[in-house]
Amino acid sequence: MAYRRAVSLLLRRSECVSNPCTPRLLKSSNISSQTLRFHDHCIRTTRSVHTCTPLMVARLLSVDELFAKRSLQEYLKKMETEYDECLRETEEQSNEDELRARRIRASLLAPLIHSIRELNTKQKDFAETETLLKDEDPALRELAELERESCLQHIRDLSQKILDLLIPEEEADLSDLVLEVTAGIGGQEAMLFSAEMFDMYQGYAQHQGWSFDILEHTTSEIGGLRHASASISGPQSYKRMKFEAGVHRVQRVPKTEKQGRMHTSTMTVAVLPQPTEIFHDQPEGPEDRNEESKGAGGQHVNTTDSAVRIVHLPTGVVAECQQERSQLKNREKAMKALRAKLYSMKLEEETSKRYNQRKIQIGTKGRSEKIRTYNFAQDRVTDHRIGMTVHDVKNFLLGEDLLDEMNSSLQEFSNQETLIELLGENDQEGS
Amino acid sequence: MWRTSLRAGCRGCRGFGPKGIWGSHAVRRCSAPAPALPAGRITARQAVDVWKRHFEERGVTEPDNSSHYIIAHLLGAKTIESLEHGKLTEFLSREKTEQMWQLCTRRLSRMPVQYVIEEWDFRDLTLKMRPPVFIPRPETEELVELMLTDLEMEPGAKVGADGQRTCLEVGCGSGAISLSLLNSMPQLKSIAVDQSQDAVDLTRENALRLGLQDRLQVYCIDVLKDAETVVSLCSPVSALVSNPPYLFSEDMTSLEPEIFRFEDHAALDGGKDGLKVIKQILTVAPQILTNHGRVYLEVDPRHPPLIRQWVEANVEEMHYVETRHDINGRPRFCILQKKKSNKDHRLDQD
């Protein structure tokens, strides 16, 4: 998001005049690194966003660059042809299922085709303004300028819309999720870091207007977190949170450190899509609930042990909960976690095949990848997948704008990878 | 310090339950000394550890859970897992330390945790608990669950001028079942009866705390002695629910001290075969229920086939529908339905 904003800042020259600091775009020969620094006069603090791209990671292409690709143009033409064929076919006599399939395909493609055609129209309009710009009448020239600006804006918007429409929506993107955090290497410090990360995600959920329901929460003696899980629900929750999955590293002098030495500790975030009730019902297969059998139970027993442990026998997947005093409530939470695990296992096959070649991994392959480093000494957070560094770790850990921006950048990058794959190219090719 | 703990420990041992079973037996146990109040400050975690060890030494059941629930309650949470992190490592104030000691000493006398902290959760509700009123069991949460599913599916007979459905609970105790039903079904009205005035008082108190008092009527009636009053006050209803005393008399002596010493025996003892109250409920049910009205019972795992046989032989108007199992796979719930009768026009709502 920051990259694109900076790039579009460049293009809107009129705005740059009023802005005291003109952003500068530097391009060096082999390492395509762009350093942008800008003062946002609305916010007092200076935020620096560096996008240093190491050689192996392709940089984020702009909308214009993507549209300049021949593969994209060909793909769009292919879609248009397919659409026309679908419509034509429905006029002829075919069997019921085929007819329905074509109709559905046509309706799915319709918004894309509509946008493509609108774009073509706008581009024609833009071309016309070119001729008007050369007119003798200054009033007409001025009108042409304005028209041109407006056309450019429309073209940009439509192009972005088309790109968005090209990226297929994944089934899981519509779901809620179960978040799991686990302390990794580093003992107490890793557990303290896990607690901070869990808080960050709780903050993020609040920032996004999602619900955050703790299913499980195991603390350490000094207030750290061994592992915890929460059910997060709200629009786009899984779609955003999926990029948080992986190993997060912290580099700092721990609270527990007496000699002031720097340590590196890790924690792992797992994100399991939680199907909404409409999609998936009870898990299939027998379940083994509480194994405790206290004789006859019921009135014979008084117990405060309402912990629930569910084992899904066909797969051996286990879910537990003892967050609540009511056994029924614990069972509901455990079932939620179980369903999420089973669902994510089910999706696993599909996603691992599709995401195999990518930089941004979703699913179990991504689970052991070191995705981000939080370096307190240098006050920076670096995401290794897209080579993005943001400053102000403390602010980042609040789970608000800084995390949101990084997340959006990851989203954009992932979208681009999807697009490139769709167009059948490998990512070494530039524009 | 010693005397206060002694008094605190004995508070729960005041003569509840049937006369003669209490007395010296209980008082003797109460004189187990509590660990001394610490001189300096301690953290919540340390207090938990001290008491957990002490409970273990004294053979108090569920030593872990006991100390966890008590400290959580003191620190304003329901479970230790849901406490804000860091709270456990904070030092307790003098006041809180004394409260911890006071409450844990009560637990030392085998008072159930639910009575120690004077509350417990049942499904979505938090209810006040007070000895000797019977503490709701986890199985009973499932009874409400299956009843709700049933009631929501079936259109059911509409009773009453305002078209609201009415349900009767026999042996309401703390009010768990009725209040849970009312909370989940805004269009439901309930009547609850119990032979114990303590239970009636507690149910009314819980109803008020939950704002459900307008849809609940509570009466102190013994269904064994005074069936006619139940019939005249409560009929017609479309559903009857009960978690009646269902223990076999011979099993009463093997109950844990938590139950034996603190809970009302009348809420537990179902007679020689555990069916005394159940049989009475089923005998009276046809006079209270509308046609096709249902009875939902929680019972001992040995009961379902016995009940089925007995009903078929003795209560012509009731039809045994099915047995349902609890979360531990034991037969636990009986559902029966009133067959359509031509006898009483008053109840003929079809």
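Heavy atoms only: backbone and side chains are in, while hydrogens, waters and symmetry mates are out. Just so it is clear: chains get the letters A, B, ... in the order the sequence lines come, proteins before strands, and each one is counted from 1.
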Within the structure provided, determine whether [X] and [Y] are in side-chain contact (heavy-atom separation under 4.5 Å).
X	Y	result
E81(B)	I214(A)	no
K78(B)	K329(A)	no
T79(B)	Q322(A)	no
T304(A)	Q114(B)	yes

Specify the closest pair of heavy atoms between [X] and [Y], including all atoms of both residues, with the distance to one decimal.
X	Y	answer
F134(B)	Q299(A)	CZ-CG, 3.6 Å
E298(B)	G298(A)	OE2-CA, 4.3 Å
S306(A)	Y69(B)	OG-OH, 3.7 Å
I259(B)	N302(A)	CD1-N, 3.5 Å

Between R123(B) and L328(A) (side chain of the first, backbone of the second, donor and acceptor by atom type, cut-off under 3.5 Å), is there such a pair?
no

Non-hydrogen atoms of chain A under 4.5 Å away: do they reach the side chain of [X], the backbone, both or neither?
X	answer
T140(B)	neither
P244(B)	backbone
A72(B)	neither
N243(B)	both
D124(B)	both
L268(B)	both

Greatest number of heavy atom pairs closer than 4.5 Å to chain A - which of [options]:
options	result
E256(B), E258(B), E145(B)	E256(B)
T61(B), I135(B), V113(B), L247(B)	L247(B)
E141(B), E142(B), E139(B), R302(B)	E141(B)

Among Q327(A), R331(A), R325(A), exactly one meets side-chain contact (heavy atoms from CB on, under 4.5 Å) together with P138(B). Which residue is that?
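So, applying the side-chain contact (heavy atoms from CB on, under 4.5 Å) to P138(B) and each of Q327(A), R331(A), R325(A), only Q327(A) qualifies.
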
